[in-house]
Amino acid sequence: ERLLALWQKYSVRQSQPGQTALLPKEAAQLTAALLGQLLRLHGDEPTAAKVDAERGCPSWLYVTGPGGYLPSLDLLSKLPADDAGRDPERARYRRTDASGCNISLESPSGRPGVLHVTAWVEVPKAGPLPLTIESGGVPFALYVDGQRSYHDPQPLRRRPLTAYLSAGWHALTVKVGIGSGRGQLQLAMPEVRFFDGPASAAPAVPAATAPATVQVRSLTEPPAATSP
């Protein structure tokens, strides 16, 4: 109850323009992730789903692959699914539940290569947006509208990023190396709207002429303490 009260207070503060954030972005993500797990353990899926949405979880992610044969090197190889907006096989993407910002990954054929995990997002106004990707320590690359914008060959467990995107719809594709076993991926992006329909009906996105700017986000300073 105390954790839920803290998150509700944070959410209210975030919705009020000009207010100082109650928690740093990274602390807010971890708090919401723990809260969502606890709520699901207690059988409260509706409240857990609400927390997911508030912290920037997609309801669904769209998976295809494996492509290529080399889990690390093929992150940099050009493959049709790098550009989800123009991939002729897009209608065959597997629509995968992303409760808790998380999906499990497995190569359907059992062979190594890369999997493509795509989210279509609508950005309300141009500017920097927080993006958190967790690949379980597996190398990954991020493609924005078909252009490779970030590559992490030796990732930490969680990678906080800032993506600078124009207003409108974008296709964000995380390209993840996969061996013969299982993997997992978490993706959170607050302040955007996620597409959740069938992949064949995904919004049109303009072809990018240059990679989007995506940078590692430094850990934020905690807010100054204030008296109640």
### Query
Once you round to the nearest 0.5 Å, how far does CG of D196 lie from CZ of R95?
6.0 Å

### Query
Is there a donor-acceptor pair under 3.5 Å between the side chain of D44 and the backbone N or O of T47?
yes

#### Entry: Heavy-atom side-chain contact between H151 and P153 under 4.5 Å
yes

### Query
By salt bridge (Lys or Arg N to Asp or Glu O under 4.0 Å), which residues pair with R92, not counting sequence neighbours?
E89

### Message
When you group the ILVMFWY residues by side-chain heavy-atom contacts below 4.5 Å and let the links chain together, are V138 and Y143 in the same group?
### Response
no

### Message
Can you confirm whether V63 sits close enough to H116 that some side-chain heavy atom of one is under 4.5 Å from a side-chain heavy atom of the other?
### Response
no

### Task
For Y69 and R111, work out which heavy atoms get closest and say how close.
CD2-NH1, 3.6 Å

### Query
What pairs with S200 under side chain to side chain contact (heavy atoms under 4.5 Å, CB included), at least two apart in sequence or on another chain?
A91, P198

### Message
D97: which residues meet the side chain to side chain donor-acceptor pair (under 3.5 Å) condition with it, sequence neighbours left out?
### Response
S99

### Query
In chain order, what residues pass the side chain to side chain donor-acceptor pair (under 3.5 Å) check against S149, with sequence neighbours excluded?
none

### Nearest heavy atoms of E191 and L129, plus distance in Å
OE1-CD2, 3.6 Å

### Message
I need the single residue from L185, I133, V114 that forms a side chain to side chain contact (heavy atoms under 4.5 Å, CB included) with F140. Which is it?
### Response
I133

### Query
In the hydrophobic clustering (ILVMFWY, side-chain contacts below 4.5 Å, transitive), which residues join Y62, or is it alone?
W60, Y93, W120, W169, F195, V205

### Query
Which heavy atom of V144 sits nearest a heavy atom of H170, and at what distance?
CG1-ND1, 4.5 Å

### Message
Do T132 and L161 make a side-chain contact, defined as non-hydrogen atoms from C-beta onward lying under 4.5 Å apart?
### Response
no

### Query
Ignoring hydrogens and geometry, is there a side-chain-to-backbone donor-acceptor pair from R217 to P130 under 3.5 Å?
no

### Query
What are the two closest heavy atoms between I178 and S107, and how far apart are they?
CG1-N, 4.2 Å

### Message
Going by the rule side chain to side chain contact (heavy atoms under 4.5 Å, CB included), which residues pair with D52 if we only count those two or more places apart in sequence or in a different chain?
### Response
R40, R55, C57

### Query
Quick one: side chain to side chain donor-acceptor pair (under 3.5 Å) partners of E122, sequence neighbours excluded?
R193

### Message
Which residues pass the salt bridge (Lys or Arg N to Asp or Glu O under 4.0 Å) test with D152, not counting sequence neighbours?
### Response
R159

### Same cluster (ILVMFWY, side-chain, under 4.5 Å), F194 and V123
yes

### Query
When rounded to the nearest 0.5 angstrom, what is the spacing between CG in L105 and CG in L61?
9.0 Å

#### Entry: Verify same cluster id: L172, V174 (apolar side-chain graph, 4.5 Å)
yes

### Task
Return the set of residues passing salt bridge (Lys or Arg N to Asp or Glu O under 4.0 Å) with D82 (not counting sequence neighbours), or none when no residue passes.
K175

#### Entry: Joint cluster assignment, L165 & L142, ILVMFWY side-chain distance < 4.5 Å
yes

### Task
Would you list the pairs meeting salt bridge (Lys or Arg N to Asp or Glu O under 4.0 Å) in which at least one residue belongs to residues 134-144, sequence neighbours left out?
E134-R157, E134-R158

### Query
Does D83 reach the side chain of D145, with side-chain heavy atoms less than 4.5 Å apart?
no

### Query
Going from CG on L131 to OG1 on T162, what distance comes out if it is rounded to the nearest 0.5 angstrom?
8.5 Å

### Query
Which pairs with one or both residues in residues 205-215 pass side-chain hydrogen bond (donor to acceptor under 3.5 Å, both in side chains), sequence neighbours excluded?
none

### Query
For D87, what residues pass the salt bridge (Lys or Arg N to Asp or Glu O under 4.0 Å) criterion, not counting sequence neighbours?
none

### Spacing of CG belonging to L187 relative to CG belonging to N102, to within rounding of 0.5 Å
10.5 Å

### Query
Do you know which two heavy atoms are closest between A167 and P124, and how far apart they sit?
CB-O, 4.0 Å

### Message
I need the minimum non-hydrogen distance between T173 and A84, along with the two atoms involved.
### Response
OG1-CB, 4.0 Å

### Task
Show your working on side-chain contact (heavy atoms from CB on, under 4.5 Å) between V216 and Y150 and close with a plain yes or no.
CA-CA 9 Å; V216 174; Y150 183 77; 3.5 Å; yes

